[in-house]
Participant: 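Below you will find the structure I want to go over with you.
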Protein chains: 2
Amino acid sequence: MYSQAEENYLKTIYNLENRYGSDVSTNLIASKTNTKASSVTDMLKKLSAKNLVQYRKYQGVHLTELGRKGALKVIRKHRLWESFLVQKLNFKWDEVHDIAEQLEHVKSEVLIDKLDAFLKFPKLDPHGDPIPDAHGRTILNKTVVISEMKIGSAGVFVGVRDSSSEFLQYLNKKNLALGDRIKVIDIEPFDGSYHIETRTHRLVITNSVADNLCLKNVK
Amino acid sequence: MYSQAEENYLKTIYNLENRYGSDVSTNLIASKTNTKASSVTDMLKKLSAKNLVQYRKYQGVHLTELGRKGALKVIRKHRLWESFLVQKLNFKWDEVHDIAEQLEHVKSEVLIDKLDAFLKFPKLDPHGDPIPDAHGRTILNKTVVISEMKIGSAGVFVGVRDSSSEFLQYLNKKNLALGDRIKVIDIEPFDGSYHIETRTHRLVITNSVADNLCLKNVK
DNA sequence: TAAATAATTTAGATATAACTAAAAAAATAT
DNA sequence: ATATTTTTTTAGTTATATCTAAATTATTTA
């Protein structure tokens, strides 16, 4: 089995590969994990020795098949625990991330499969992210982030890229919730901010917020 | 907050104080935690510096009020998670100990209080141990272990002192379950073994087994 | 293309929580 | 009361995962 630190790196590298393409840089990992680049280098060597990543000095890393499987197991656990916390314990979607970060490291295959069954095999977590099944498979969940949309296009808000409580509380404050229909009204060329509209209100969001809102059925 | 290692020591010292009286010895802690006496000494110094235990060289330790509170929190978490695993996820009573040992270290007061509510504030865990409430209070649970009973006396089997899967699987094999009425038929003076009887069968148990079965309403 | 800048790695240090082996203190036996 | 045994502590070591500072490699700019 892998240590907590190793599991966290696997998960982080998996997510960064998906977002920025493979061959993830040392600095990118360091910034996402709030550590220093030198610490990341140390860990990459260790993961490489265990055949979890392909690592070449100064060239970044990507997960091996073994590493991908390990990452998917951690992500499965994280998302199932988040689902449990919201569905069964009545937590809000902005309260579960940090607790799930701890629960995801509990070691027991049976536990997570029983939890999955208890929750009736959910396909998506409270933030709209697909939950890998026991074989690591997820449903297709093709979404477009607002920052990739054109003026006049619209879609249904179905997921976030950042599920930190800070970001989710910002969305709560702005009255944006999963399921809302969102339309791009205008894009400000000067600062890249987006004017968007829901059924109930209009607002302006920065590019970095637009980067983190995932929409479905965009037309 | 306390580290996992610190929490484990608090829990162990609490349990040993209850079983063998206060001022727990270094060696006793070492044997219960599968560590070496020298490691225990190191940790006792650390706990002492944090005011969690009263420690005098060569004289053993006991918990301070702060330490007792910490221990009760860990025990509360352990027992609530065990209850969750059995009641909600359909684990058997002999399968939950090791998983709960991990879950008990998840840090979140809200989580454990919500879990408590979800389980409808259980008073006893699957092994018959009382669950401390949010204030550290437990119900009175006066029991007698078989090794303290006289020939001819009987009672209801309501708890175990050892909740390791090994011991519980032994009980399963011998068809002994919580709720059974058990009567002491004879005590063998030679080896201290007990001849006991339930409604359905008779059997012989060693003194060390008799030491771990807790009975209620013993007459 | 050489210089400047940025990214990455190496070297050496720190904290935690374990360990072994040896020394010291306490308990037991003669 | 002294010797022996047992228990406990000290001293020094190890592994994990982090850090800072310095060195090295890669990238960008002039």
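Below, chain A is the first sequence line, B the second, and so on; all start at residue 1.
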Participant: Reckon B/Ser39 has a side-chain N or O less than 4.0 Å from the OP1 or OP2 of C/dA18?
Facilitator: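 No, because none of the side-chain N or O atoms of B/Ser39 sits under 4.0 Å from OP1 or OP2 of C/dA18.
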Participant: Could you list where the contact with chain A starts and ends along DNA chain D, reading 5' to 3', using a 4.0 Å heavy-atom cut-off?
Facilitator: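 Answer, 5' to 3': D/dT16 to D/dA26.
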Participant: Decide, yes or no, whether a salt bridge links B/Asp98 with A/Lys107 under the criterion of side-chain N to carboxylate O below 4.0 Å.
Facilitator: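 Between A/Lys107 and B/Asp98 there is no salt bridge, as every charged N stays at least 4.0 Å from the carboxylate O atoms.
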Participant: Quick one: does any side-chain atom of B/Arg161 pair with a main-chain N or O of B/Val145 as donor and acceptor, under 3.5 Å?
Facilitator: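 No: the side chain of B/Arg161 does not pair with the backbone of B/Val145.
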Participant: Please work out which residues in residues 1-33 of chain A have a non-hydrogen atom less than 4.0 Å from an atom of DNA chain D and list them by number.
Facilitator: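 Hits under 4.0 Å, by residue number: A/Ser3, A/Ala5, A/Tyr9.
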Participant: Is the shortest distance from a Lys or Arg side-chain nitrogen in A/Glu17 or A/Arg68 to a carboxylate oxygen in the other one below 4.0 Å?
Facilitator: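 No, this pair does not count.
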Participant: For A/Asn27 and A/Ser25, what are the C-alpha separation, side-chain angles and deciding distance, and is it a side chain to side chain donor-acceptor pair (under 3.5 Å)?
Facilitator: CA-CA 5 Å; A/Asn27 261 3; A/Ser25 76; over 6 Å; no
Participant: Can you confirm whether the side chains of B/Glu82 and B/His127 place a donor and an acceptor under 3.5 Å from each other?
Facilitator: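 Yes - a donor-acceptor pair under 3.5 Å links their side chains.
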Participant: Testing the 3.5 Å rule here: is there a donor-acceptor pair between the side chains of B/Asp211 and B/Ser147?
Facilitator: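 Judged by distance alone, the side chains do pair up.
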Participant: Take atom NZ of A/Lys36 and atom C1' of C/dA11, then tell me their distance rounded to the nearest Å.
Facilitator: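 That distance rounds to 18 Å.
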Participant: What's B/Thr35 touching, base or sugar-phosphate or nothing? Going by heavy atoms closer than 4.0 Å.
Facilitator: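 Sugar-phosphate, backbone atoms only, no base.
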Participant: Look at A/Glu104 together with A/Arg76 and state whether they make a salt bridge at an N to O cut-off of under 4.0 Å.
Facilitator: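 No salt bridge links A/Glu104 with A/Arg76.
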Participant: What class does the angle between the rings of B/Phe157 and B/Trp93 fall in, given that below 30° is parallel, 30 to 60° is tilted and above 60° is perpendicular?
Facilitator: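 B/Phe157 and B/Trp93: perpendicular rings.
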Participant: Are the charged groups of B/Lys11 and B/Glu101 less than 4.0 angstrom apart, N to O?
Facilitator: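 The answer is yes: the pair qualifies as a salt bridge.
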Participant: Which of residues 42-58 of chain A sit near DNA chain C, with a heavy atom under 4.0 Å from it?
Facilitator: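 Within this stretch, A/Lys45, A/Tyr55, A/Lys57, A/Tyr58 sit under 4.0 Å of the strand.
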Participant: Taking atom types as modelled and ignoring hydrogens, do the side chains of B/His105 and B/Glu7 form a donor-acceptor contact shorter than 3.5 angstrom?
Facilitator: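 Indeed, the side chains of B/His105 and B/Glu7 share at least one donor-acceptor pair under 3.5 Å.
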